[in-house]
Each structure stands twice: as structure tokens, then as C-alpha cells.
Amino acid sequence: MTHHIVRLAPAALALVVSFACGSSAPPAATAGAPPAKGATVTRASFGTMPDGTPVDVYTLTNVHGLEVRAITYGGIIVSLKTPDRNGRLGDIVLGFDSLDGYLKSSPYFGAIIGRYGNRIARGRFTLDGKTYTLATNDGANHLHGGVKGFDKVVWHAEPVQNDKSVAVIFTHTSPDGDEGYPGTLHVRVTYTLTDNDSLEVDYYATTDKATPVNLTQHSYFNLAGDGSGDVLGERLTIDADHYTPVGAGLIPTGEIAPVESTPFDFRTPTAIGARIDADNAQLKLAGGYDHNFVLEREGDGLAHAARVVDPASGRTLDIETTEPGIQFYSGNFLDGTITGKDGHVYGHRNGFCLETQHYPDSPNHPTFPSTILRPGREYHSTTVFTFGVQK
Ligand code: BGC
């Protein structure tokens, strides 16, 4: 499952700089590489954990004013500002104003998900003849890494400033036995904001015992802007001829089904809401879309996976990935009980997630692409989110 796409050249990584708290001063020039003009990465405090551990927020800004703010708790993207067709910046992700909101109860808003994004049936799998029992936190199943997944740990962070991008590198060590998983897993996740208006997410991991790994990013997008109601009018394209139907508990049945002539056919731009309430057993089971799509791809390089266009604001989002699948979740469990940023009440389907990943429950489906990382190999997966406007 190792991917070989290296988007951030090692030479560029040499320009790691540690800024003083809140400083926006550019780094000292380094021989051979001019400092970025206008792009900045800064650090500030975002509060403290109940045990006193400080949590920081890193703000990445590119030459066009796009801004990504990510915190060390869960690697959570707390805000993401992009311009609409009139050049007005708007925050296009759901979340909370302060750490408290994320600590109380968050449906994984903006977080890094691991060790395993999505579900593992009954929290059990057998690997190399040994059966492992994981924490169960979604009925009888294991979801998004368990009770305390990577979304709930404080990551170590380093800012990076390159010529045409700014980045923050998050690192975390998951101990042997963490949530039931074997092996000590060293994880590194990089958020890079480029001057081409892309947010590149690179995931790396190594282990000392074979273990499943399936890392993803769980931002809830609303391209019309956080707090502007449901996303049903936003037009989605997914480059998938097939998807993985689910049974009870949203566990894949193992079937790879064609999207043709179903509400799962997003091969041409279609409003998210156009067929969401159709008389379809899969939609009824999940209360809307909450399914993994099998991406059309050749080899394991970056391939275009999905595009979303908001006709009202003109904002567009394109997603490319090295992953074989993408979970499209239409925010069905949002029900108005969460009040987020600026007092916005998040109602039904007020945000969507497009989580690049391997298929759910792969450790129990030998026919699905493998998610097993072995000692001596490096996990590397890349997803690129590109923001634009349509006039
Ligand atoms: C899952 C949903 C789940 C949500 C958590 C998504 O990735 O597919 O079923 O409810 O995460 O809020």
C-alpha cells in the first residue's frame, strides 16, 4: 500500500523554521532559496488541555490571501478561508471558535483520522493468524480509530516556509496496543498551502509490527460558507463507476456495485440534494450518502477524485488523491444540536465530507486493497484540495 508520490521535496524540507509565538516575520533567507513573498506561517496559542498541555494554532496564508488555520489538538483544520467569485473571503469549513467545543463533543470536525479512517466490523480483525480486538465506539463497530483516535491527541508541530508554499508538519507516536492496534506507529501529517491555491495533505507512517493504517482528513465543507444552511444545492462530481454498498452498521457487504442508474452516479455534476431522498435502500440505511466510492485510477499516483461547485458563491473544490477510495458523507447526522463558529447552528446536511481513504473494513475483506503496513515499509498517501472559482 506504499505510495511513491513525493510532493514535498526533501530539499524544501530543509527550510524548517521555528517562529516565535504569534510572529509573522519571514524566516531568515537560506542560501539558494529566496524567502516566499507574502506567504506566511505563524503560531499562536489556542488554549490548554484539561491536563495543562498547551494547544497551538498555526495559520498558513498564501500570496492570494487563502488562509488555513490548524491546531495541534487532532491536527484539526479550524478554519479555511477562500475567495468567492467576487473575491470575498469566506470560511468554508464547519467547526468551533475555541478548543472547548472540540473537547466537549465534535463529530470529527476538521480532524486527522487514524489509525483507521472509517469502520472495522465488531472492532475485530485477524492478521498473520492472530485476532486483534479494537475499541468499539460506533455501536458494535470500531470507527475512526476508536475511543481516543488521532483526532483526540495533541500532535507535535513544526512550521515550514518554502519558496512557493507554507506548511505545518504534525507528528505523533501511537504506542503499541493503542486502541487495540499492534505496533508502535510513528505518524507524520503535513499540511502544505501552495501559491497555486492548493492544500496538500501528506500522510506518512512507519511501524514495528504489522498493523492496519488508513489515514484521512475529516473536514466538513460548505462552499457557500460556514453557517449558510444546507449543502444540497452544491454540485458534486465523483470519478467513480462503482461504490461499496453497506449493510447494518454501515459495514460494506463486500460487493463492488456499479453506480450506473442509481443515485450514486455522480460521474457528471449533480446537486448533492437531487436524489438524496430517493427511494433507495442504500440511502435509507445511511440516512443519505455515507458511502465509499471506488475511484477510477491507473497506478497509485495522484488522480482526480471529486469536484464540488457552489453555484451561489462560485467557489469550487477539486480533490486529487493517491487513495483508491473516497467516502462521501452528506452530513446526515447533523441535526441542529451542535452550535459552532459564530453561533452557527449546524442543521441537517449543513456540511459534506469527502474523505480520501482505503475502503471501510478492509482488514476483514481480503478482496479490497490492503491497508496493512509492515515493518520496514513506509506508508505514504497524498491528497490535494484545490480551491477556485467559477464565474
Ligand atoms: C462517517 C459517518 C460518521 C461521521 C462521523 C463519517 O466519516 O462516514 O458515518 O457519522 O464520519 O461524524
Side-chain angles (χ1 to χ4, degrees), residues 46 49 55 57 68-80 91-120 123 134-139 141-155 170 172 174 178-179 181 187 189 191 199 201 203 213-222 226 231 249-250 286-292 319 323 325-341 344 346-358 360-361 381 383 385:
F46 198 73
M49 297 292 287
V55 173
V57 57
V68 177
R69 292 170 66 240
I71 60 174
T72 50
Y73 177 71
I76 294 171
I77 294 176
V78 295
S79 69
L80 205 170
D91 185 359
I92 60 164
V93 293
L94 279 53
F96 298 102
D97 290 319
S98 67
L99 182 60
D100 218 38
Y102 292 101
L103 292 178
K104 264 194 211 131
S105 155
S106 169
Y108 304 94
F109 282 154
I112 297 170
I113 306 295
R115 288 189 195 187
Y116 198 97
N118 220 310
R119 293 169 173 82
I120 297 180
L134 304 173
T136 49
N137 59 327
D138 187 53
N141 301 321
H142 176 89
L143 173 68
H144 294 336
V147 175
K148 189 178 178 188
F150 294 174
D151 58 300
K152 294 185 186 68
V153 301
V154 178
W155 295 65
F170 289 117
H172 171 63
S174 165
D178 197 9
E179 300 295 307
Y181 287 102
V187 191
V189 178
Y191 293 151
L199 173 64
V201 185
Y203 306 86
V213 184
N214 190 28
L215 305 174
T216 192
Q217 220 293 328
H218 210 294
S219 285
Y220 286 64
F221 293 98
N222 185 333
D226 174 55
V231 292
L250 303 185
Y289 295 101
D290 198 350
H291 294 80
N292 170 65
I319 302 180
E323 287 296 312
I326 192 166
Q327 180 87 1
F328 169 42
Y329 170 55
S330 52
N332 313 307
F333 294 115
L334 297 176
D335 59 4
T337 53
I338 296 177
T339 301
K341 289 185 270 192
H344 296 149
Y346 296 136
H348 200 210
R349 300 170 178 162
N350 278 198
F352 65 84
C353 302
L354 285 165
E355 304 151 54
T356 54
Q357 58 173 16
H358 273 51
D361 200 27
S381 160
T383 293
F385 300 91

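- Side-chain N/O atoms of Q327 and H291 include no donor and acceptor closer than 3.5 Å.
- Between I113 and L215 there is no side-chain heavy-atom pair separated by less than 4.5 Å.
- Residues forming a side chain to side chain donor-acceptor pair (under 3.5 Å) with S174 (at least two apart in sequence, or on another chain): R115, D178.
- The closest side-chain heavy-atom distance from Y116 to Y181 is below 4.5 Å.
- Using a 4.5 Å heavy-atom threshold, the side chains of D335 and H348 count as separate.
- Looking at T216, its side chain never comes within 3.5 Å of a backbone N or O of Q357 through a donor-acceptor pair.
- Among all heavy-atom pairs drawn from V93 and S79, the shortest one is CG2-CA, 3.7 Å.
- In this structure, the salt bridge (charged side-chain N to carboxylate O under 4.0 Å, His left out) partners of R349, at least two apart in sequence or on a different chain, are D277.
- If you take OG on S106 and CD1 on I76, they are separated by 6.0 Å, rounding to the nearest 0.5 Å.
- With sequence neighbours excluded, no residue forms a salt bridge (charged side-chain N to carboxylate O under 4.0 Å, His left out) with D151.
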Checklist entry - When you look at F328 and C353, which way does the side chain to side chain contact (heavy atoms under 4.5 Å, CB included) test go after all the steps? => result CA-CA 6 Å; F328 169 42; C353 302; over 6 Å; no
Checklist entry - Does the side chain to side chain contact (heavy atoms under 4.5 Å, CB included) test come out yes or no for R119 and H142, once each step is laid out? => result CA-CA 5 Å; R119 293 169 173 82; H142 176 89; over 6 Å; no
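- Taking the six-membered ring where tryptophan is involved, the planes of F150 and W155 are perpendicular, since the angle between them exceeds 60° and thus also 30°.
- In terms of heavy-atom proximity, G75 sits nearest to I112 at CA-CD1, 3.7 Å.
- Ring orientation note: the planes of H144 and H218 are nearly perpendicular, at an angle over 60° on the 30°/60° scale.
- The closest donor-acceptor contact from the side chain of D226 to the backbone of D91 lies at 3.5 Å or more, if one exists at all.
- The closest side-chain heavy-atom distance from R69 to I77 is not below 4.5 Å.
- With a 4.5 Å cut-off on side-chain heavy atoms, I326 and N292 do not count as touching.
- In terms of heavy atoms, S330 sits closest to G288 at OG-C, 4.0 Å.
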Item to check | side chain to side chain contact (heavy atoms under 4.5 Å, CB included) between H344 and T339, worked out | outcome: CA-CA 5 Å; H344 296 149; T339 301; over 6 Å; no
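- Considering only heavy atoms from C-beta on, Y220 comes within 4.5 Å of P107 through its side chain.
- Contact record, Y108 with L143: OH-O, 3.9 Å, taken as the closest heavy-atom pair.
- Side chain of E323 to main chain of H358: a donor-acceptor pair is present (N/O by atom type, distance under 3.5 Å, no hydrogens or angles).
- A donor-acceptor pair is defined here as one N or O able to donate and one able to accept, closer than 3.5 Å; such a pair exists between the side chain of N222 and the backbone of N350.
- Note that the CG atom of D361 and the CD1 atom of I120 stand 7.0 Å from one another [nearest 0.5 Å].
- Side-chain N or O atoms of N332 include one that pairs as donor or acceptor with a backbone N or O of Y289 at under 3.5 Å.
- Contact check for K341 versus D97: side-chain heavy atoms found under the 4.5 Å cut-off.
- The CZ atom of F170 sits 8.5 Å away from atom CD1 of I71, with the distance rounded to the nearest 0.5 Å.
- Side-chain atoms of Y191 and Q217 include a donor-acceptor pair closer than 3.5 Å.
- Here the side chains of D290 and L250 are in contact, with some heavy-atom distance below 4.5 Å.
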Item to check | T136 and N141: CA distance, side-chain angles, deciding distance, side chain to side chain contact (heavy atoms under 4.5 Å, CB included) verdict | outcome: CA-CA 5 Å; T136 49; N141 301 321; 5.9 Å; no
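- Tested against F109 for a ring-ring contact (aromatic ring centres under 6.0 Å, His included), the candidates F221, Y346, Y73 yield a single pass: Y346.
- Although no hydrogens or angles enter the test, the distance criterion places no donor-acceptor pair under 3.5 Å between the side chain of Y329 and the main chain of L354.
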